[in-house]
K.L.:
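Encoded as structure tokens, here's the structure I'll be asking about.
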Amino acid sequence: MSHFSNSLIAWYEIHKRDLPWRHTENPYYIWVSEIMLQQTQAQTVIPYYNRFIETLPTLKDLAFAEEDLILKLWEGLGYYSRVRNMKKTAQYILENYNGIFPNRYEDLIKLTGIGEYTAGAILSIAYHQKWSAIDGNVSRVLARYFGFKKDITLNTSKKMLTDLNHTLLEDERPHLYTQAMIELGATLCTKHNPKCDLCPVSAMCVAKKENLQSVLPVKAKAKAKTEKHFITFILQDENNQYLVQKVEDNLLKGLYLLPQVESDGLSYAIESLMDQGIEIYYTEPLKSYKHVFTHLVWSMDVYFGKCKNSDSLTKIDHFNHIPMATAHKQIIHKEKHYGND
DNA sequence: AATCCGGGGTT
DNA sequence: AACCCAGGATT
């Protein structure tokens, strides 16, 4: 047992945040929390986690849930394939493991949506097994503590960081070690302005000693975003029902969007919708909006429109009951004087 | 190895 | 505006 993990865990037990998934070791709940926490801050996850396990308290409930329901529970969290993969994996565990969540790495790593980090997190946190779980927080702590100066996103670096982590990971309390490393990265060893004066392991930290906190970890720069321009409609038919379209492409798959056409001008957009059987006979310009994704920016000129009745798209009375993409949910909210919620 | 996949928060 | 977040799948 290392001095490092002793100091780290002692600090963790005093200063850890009270998070809902820390009141359970049920592997189903730990799994739900870990998937939600992928690329998502803990404070954002809390209300989503509570609502999700209240609505779907068992793995079997998730396996049998409708896709519109699970996407509605995920609405606004992003990376929607996470929850579609969870349903698929819940069905797989029900059929192949009799509904018992697997507890071996070679089984977990085969499950859709579970990678090296999440497998390690479930094994260490739910099953108290000695497995590394290297996320962004842990990478940053390790890179600083050991003075690791290579790009941490390289595959070779990930292996080296896993080895370094194993030199610190103790046998007896892997569940506390894993969460403590993450907690340290999330609350003290942050990207900007790390609180080294409060850190339980600052004495031997290379970054602290050499004043490299703002240099480490080294990471490649992100690619520039491309921009796409759309004509977007809040569209009502002659029964005053709104029209929406379910996404079938990968981006936002399974969610609903307002009808929109990638175009610079209104006339082309109206023609394009006409080709899909949507006959627009009135339009009125509203505002323009921007929505930023990870690798993409949508700029949208929004119009209110009226169209003849058609069976081409999905008709709804209001937008509250379907999983809407945030890019359009925010437009609906800002333009609510057009009768929608 | 590079790219895709969301949305919110911080600096 | 740039970067990050309890990352994983696909190509």
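Below, chain A is the first sequence line, B the second, and so on; all start at residue 1. Fair warning: this is a prediction, and the values are worked out from it, not measured in the lab.
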K.L.:
Identify, between K221(A) and Q38(A), the residue whose nearest nucleotide on DNA chain C lies closer to the 5' end.
P.N.:
K221(A)
K.L.:
For dC5(C) versus dC5(B), give the span between their C1' atoms, rounded off to a whole number of Å.
P.N.:
14 Å
K.L.:
Kindly say if R140(A) contacts the phosphate of dC5(C), meaning a side-chain N or O under 4.0 Å from OP1 or OP2.
P.N.:
yes
K.L.:
Does N155(A) place a side-chain N or O at less than 4.0 Å from the phosphate oxygens OP1/OP2 of dA1(B)?
P.N.:
yes
K.L.:
Assess whether a salt bridge exists between K130(A) and E170(A), defined as any Lys/Arg side-chain N lying under 4.0 Å from an Asp/Glu carboxylate O.
P.N.:
no
K.L.:
Nearest whole angstrom, please: distance from the C1' of dG7(C) to the CD1 of I182(A).
P.N.:
12 Å
K.L.:
What residues form a side-chain hydrogen bond (donor to acceptor under 3.5 Å, both in side chains) with E116(A), not counting sequence neighbours?
P.N.:
none
K.L.:
Answer yes or no: is there an ion pair linking R22(A) with E183(A), defined by an N-O contact shorter than 4.0 Å?
P.N.:
yes
K.L.:
Listing time: all N or O pairs from protein to nucleotides 8-11 of chain B that are below 3.5 Å?
P.N.:
none

K.L.:
After noting the C-alpha distance and the side-chain angles of E54(A) and R51(A), does the key distance pass the salt bridge (Lys or Arg N to Asp or Glu O under 4.0 Å) rule?
P.N.:
CA-CA 5 Å; E54(A) 186 179 331; R51(A) 187 167 60 243; over 6 Å; no
K.L.:
For D68(A), is there an ion pair with K246(A) - N to carboxylate O distance below 4.0 angstrom?
P.N.:
yes
K.L.:
Would you check if the side chain of R82(A) reaches a backbone N or O of M36(A) as a donor-acceptor pair within less than 3.5 Å?
P.N.:
yes
K.L.:
If I pick the P atom on dG8(B) and the same atom on dG8(C), what distance separates them, to the nearest angstrom?
P.N.:
22 Å
K.L.:
If you check the K219(A) side chain, which of dA1(B), dA9(C), dC4(C) turns out closest?
P.N.:
dC4(C)
K.L.:
Examine dC4(C): is either OP1 or OP2 under 4.0 Å from a nitrogen or oxygen in the side chain of K191(A)? Give yes or no.
P.N.:
yes
K.L.:
Provide a list of protein-nucleic acid N or O atom pairs under 3.5 angstrom, restricted to nucleotides 2-5 of chain B.
P.N.:
unit_1 : atom_1 : unit_2  : atom_2 : d
dC4(B) : OP2    : K223(A) : NZ     : 3.4
dC5(B) : N3     : Y79(A)  : OH     : 3.4

K.L.:
Is any side-chain N or O of T118(A) closer than 4.0 Å to OP1 or OP2 of dG8(C)?
P.N.:
yes
K.L.:
Report whether Y97(A) and W31(A) are members of the same hydrophobic cluster (ILVMFWY, side-chain heavy atoms less than 4.5 Å apart, transitive linking).
P.N.:
yes
K.L.:
Can you check the distance between dG6(B) and dC4(C), where both ends of the measurement are the C1' atom (answer in whole Å)?
P.N.:
14 Å
K.L.:
Would you tell me if any nitrogen or oxygen in the side chain of Q39(A) comes within less than 4.0 Å of OP1 or OP2 on dG7(C)?
P.N.:
yes
K.L.:
Just do the side chain to side chain donor-acceptor pair (under 3.5 Å) check on Y80(A) and N250(A) with the steps written out, would you?
P.N.:
CA-CA 10 Å; Y80(A) 298 94; N250(A) 286 329; over 6 Å; no
K.L.:
Check the distance between dG8(C)'s P and R82(A)'s CZ and give it to me in whole angstrom.
P.N.:
11 Å
K.L.:
Mind calculating the distance between CD1 (I114(A)) and P (dG7(C)) to the nearest angstrom?
P.N.:
14 Å
K.L.:
Using a heavy-atom cut-off of under 4.0 Å over every strand shown, decide if I109(A) touches base, sugar-phosphate, or nothing.
P.N.:
nothing
K.L.:
Under the side chain to side chain donor-acceptor pair (under 3.5 Å) criterion, do D61(A) and T58(A) qualify, and how do the steps go?
P.N.:
CA-CA 5 Å; D61(A) 294 323; T58(A) 70; 2.9 Å; yes
K.L.:
Please tell me which of T153(A) and A327(A) maps to the more 5' nucleotide of DNA chain B, matching each residue to the nucleotide holding its nearest heavy atom.
P.N.:
T153(A)
K.L.:
Walk me through whether K329(A) and N320(A) qualify under side chain to side chain donor-acceptor pair (under 3.5 Å).
P.N.:
CA-CA 9 Å; K329(A) 190 179 181 181; N320(A) 300 6; over 6 Å; no
